[in-house]
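Here is the naming used below: chain letters follow the sequence lines, and residue numbers restart at 1 for every chain.
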There are 2 protein chains.
Amino acid sequence: MENQDVDRTLSLLWRRVLGVPQGSRGPKQRFSVDEVIRAGIAVADEEGLPAFSMRKVADRLGLKLMSIYTYVPSRDELIGLMVDEVMGEPGLPPHEGDWRERLTAVARQMWDEFHRHPWLLQVEQSRPWIGPNGSDRYEWQLAAIEGAGFTDLEMDQTITLIGDFTAASARADVTARRTAEQSGISDAEWWAVNAPVLERLMPLDAYPISGRVGTTAGEEYNAVRDSERSFRFGLDRILDGLDQLLTSRPADG
Amino acid sequence: MENQDVDRTLSLLWRRVLGVPQGSRGPKQRFSVDEVIRAGIAVADEEGLPAFSMRKVADRLGLKLMSIYTYVPSRDELIGLMVDEVMGEPGLPPHEGDWRERLTAVARQMWDEFHRHPWLLQVEQSRPWIGPNGSDRYEWQLAAIEGAGFTDLEMDQTITLIGDFTAASARADVTARRTAEQSGISDAEWWAVNAPVLERLMPLDAYPISGRVGTTAGEEYNAVRDSERSFRFGLDRILDGLDQLLTSRPADG
DNA sequence: CTTAACTCCGTATGCCACACGGTATTTCGG
DNA sequence: CCGAAATACCGTGTGGCATACGGAGTTAAG
């Protein structure tokens with residue numbers, strides 16, 4: 001049973017390749033690992049990661065708490081499996097257009113995903129789990145800029161850059177939304193209540209630039225912050241910077 | 001006592017301005033809010049946010065658990081205060097050089113801070129706390145690019161971009177370090193153990209580009225990933241992109 | 001038909017945040 | 001100088017969590 005030699009995390013992630021190690025002796029499991037993972041995703045989608053608990057996953061399946069542990073060794077492990085599962089959802093559409101358009105599509109896919117499953121941003125990866133869907137996606141992301149003129153190293157750094165930026169940008173957006181939703185207080189309302197206090201605490205002359213910039217941004221956005229627009233701004237700058245890198249050096253085949 | 005009207009969060013954050021609301025009737029508090037905050041920072045520095053608990057803060061001060069709640073209304077609130085406290089640590093050195101150098105300094109300050117207090121990356125801000133140190137820093141960050149030619153909106157977006165990217169980049173670095181430390185297994189060791197398995201799971205021909213890029217990166221970095229270098233790469237691209245934005249339009253004013 | 005292997009689950013341990021109420025201490029009003 | 005009010009500190013309790021452990025029932029291999 002070479003499965004036993006494999007790190008348990010890996011063997012679960014790659015279960016489609018390795019097969020689920022099912023001893024044939026005892027009773028069959030009522031569910032599959034995939035059903036547990038999907039139940040987990042549903043819980044996390046609805047309640048977020050902090051409220052995600054093994055009990056809720058069990059309840060959703062009609063199992064008792066401890067039975068979950070016969071499918072999955074720990075909460076962290078389950079979350080890791082959920083992450084890779086989710087990475088397989090959008091598929092990997094064929095690349096079209098030039099590298100700028102392709103990278104935009106790569107970023108947009110991640111952006112959308114973070115909004116579909118906001119708990120992804122709350123996952124604390126200890127060691128990055130190398131699962132099939134994650135691996136496929138990384139390959140697909142690299143393919144988006146293959147042949148554009150980057151060195152191998154730069155290709156990795158570029159994808160990292162796009163990914164890091166998108167994650168951070170989505171994080172800001174998602175937490176803002178979550179806050180508004182949970183507290184029932186919109187940004188505008190919060191400011192209406194607290195602005196008088198803040199104006200006293202923060203006299204304009206102590207914060208000349210932020211005062212001016214904040215006012216402008218507020219008027220322009222019609223909100224404190226327009227995350228979608230900040231995202232596009234940042235992405236455009238990054239793409240321009242990458243373009244610079246490519247055009248600044250002699251193009252050879 | 002107009003303090004009472006103020007959102008409790010704000011009145012604690014701005015306690016130096018508003019004064020700590022100390023009724024004079026009963027016994028004096030054995031410690032100050034600042035001491036509680038510093039104790040909290042010490043705990044978080046040593047053990048990280050997941051292991052950060054009110055009990056440990058209390059133990060460190062020689063108080064019993066529930067006494068902490070006479071200083072600070074909740075765990076979340078305390079963390080918010082810790083964040084603003086930490087933002088005051090590095091001071092705000094005068095800006096020097098052109099806007100590129102200044103922005104680099106801004107990014108570097110955040111990068112260093114995330115490494116000094118890695119738990120900052122684990123904080124889930126619900127509503128961004130507007131505290132004195134955070135406000136001062138934002139003003140200072142904007143001052144770094146004041147007059148460079150950005151519109152007000154772009155100034156805000158630029159600082160957001162730099163901040164988002166730095167946070168994400170630091171996050172990758174910090175979690176990698178933490179994992180290596182906690183598991184006692186270095187990246188190299190992890191790969192040595194798991195590489196044979198992964199090679200079987202991920203045949204090179206299924207992952208042509210990642211295989212090539214991963215090999216190159218591994219050789220070049222002498223590690224799986226060199227975060228410091230990725231950070232500089234990303235930052236340079238972003239700065240180039242911002243430069244592009246400025247030079248692509250007629251300079252006036 | 002025995003027995004190993006397995007699933008499911010009840011219970012227990014040791015964490016956690018926090019509500020509530022009690023007691024001791026301090027100071028104010030008279 | 002005294003009583004009342006305000007306050008700090010803390011003991012206890014509630015309800016949550018992950019997960020270790022062991023037991024009862026189920027299945028199929030030998």
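- Computed from coordinates, the B/Arg75 CZ to D/dG16 C1' distance equals 14 Å when rounded to whole Å.
- With sequence neighbours excluded, no residue forms a side chain to side chain donor-acceptor pair (under 3.5 Å) with B/Gln141.
- Listed in residue order, the members of residues 29-37 of chain A having a heavy atom less than 4.0 Å from DNA chain C are A/Gln29, A/Arg30.
- Atom C1' of nucleotide D/dG11 and atom CG of B/Leu65 are separated by 11 Å, given to the nearest angstrom.
- Listed pair A/Ser67 / C/dT7 fails the phosphate criterion, with no side-chain N or O lying under 4.0 Å from OP1 or OP2.
- Near DNA chain D, meaning a heavy atom under 4.0 Å from it, residues 53-64 of chain B has B/Leu63, B/Lys64 in order of number.
- Here B/Ser135 pairs with nothing under the side chain to side chain donor-acceptor pair (under 3.5 Å) rule; sequence neighbours left out.
- Looking at B/Arg108 and B/Glu228, a side-chain N of the basic residue comes within less than 4.0 Å of a carboxylate O on the acidic one, giving a salt bridge.
- Across the protein-nucleic acid pair, A/Ile68 atom CD1 and D/dA20 atom C1' stand 17 Å apart, rounded to whole Å.
- Taking 4.5 Å as the limit, every side-chain heavy atom of A/Phe231 sits out of range of all side-chain heavy atoms of A/Asp173.
- Looking at A/Val123 and A/Trp129, their side chains come closer than 4.5 Å, going by heavy atoms from C-beta outward.
- Atom CD of B/Glu47 and atom P of C/dC15 are 12 Å apart (whole Å).
- Atoms CG (B/Leu49) and P (C/dA17) sit 11 Å apart, rounded to a whole Å.
- Regarding A/Ile79, its CD1 atom lies at a distance of 11 Å from the C1' atom of D/dA18, rounded to whole Å.
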Can you list, pair by pair, the side-chain donor-acceptor contacts under 3.5 Å of residues 35-45 of chain B, counting residues two or more places apart and other chains?
residue, atom, partner, partner atom, Å
B/Glu35, OE1, B/Ser32, N, 2.9
B/Glu35, OE1, B/Ser32, OG, 3.4
B/Asp45, OD1, B/His117, ND1, 2.7
B/Asp45, OD1, B/Trp119, NE1, 2.7
B/Asp45, OD2, B/His117, ND1, 3.3

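- With a 4.5 Å cut-off on side-chain heavy atoms, B/Val17 and A/Arg200 do not count as touching.
- Counting only N and O atoms by type, the side chains of A/Glu124 and B/Thr175 include no donor and acceptor under 3.5 Å apart.
- Under 4.0 Å is where a charged nitrogen must lie from a carboxylate oxygen, and between B/Arg171 and A/Asp164 no such pair does.
- For A/Asp76 and D/dA18, the CG to C1' distance is 10 Å, given to the nearest whole Å.
- Contact annotation: the side chain of B/Glu113 never approaches that of B/Glu89 to less than 4.5 Å [non-hydrogen atoms, C-beta and beyond].
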The contact string for nucleotides 20-30 of chain C, one letter per nucleotide 5' to 3', using protein heavy atoms under 4.0 Å with B, S and - for base, sugar-phosphate only and none, comes out as B----BBBS--

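- Within 6.0 Å of CZ in B/Arg178 there are more than 12 heavy atoms belonging to other residues, nucleotides or ligands.
- If you take OH of B/Tyr71 and P of C/dC18, they are 18 Å apart, rounded to a whole angstrom.
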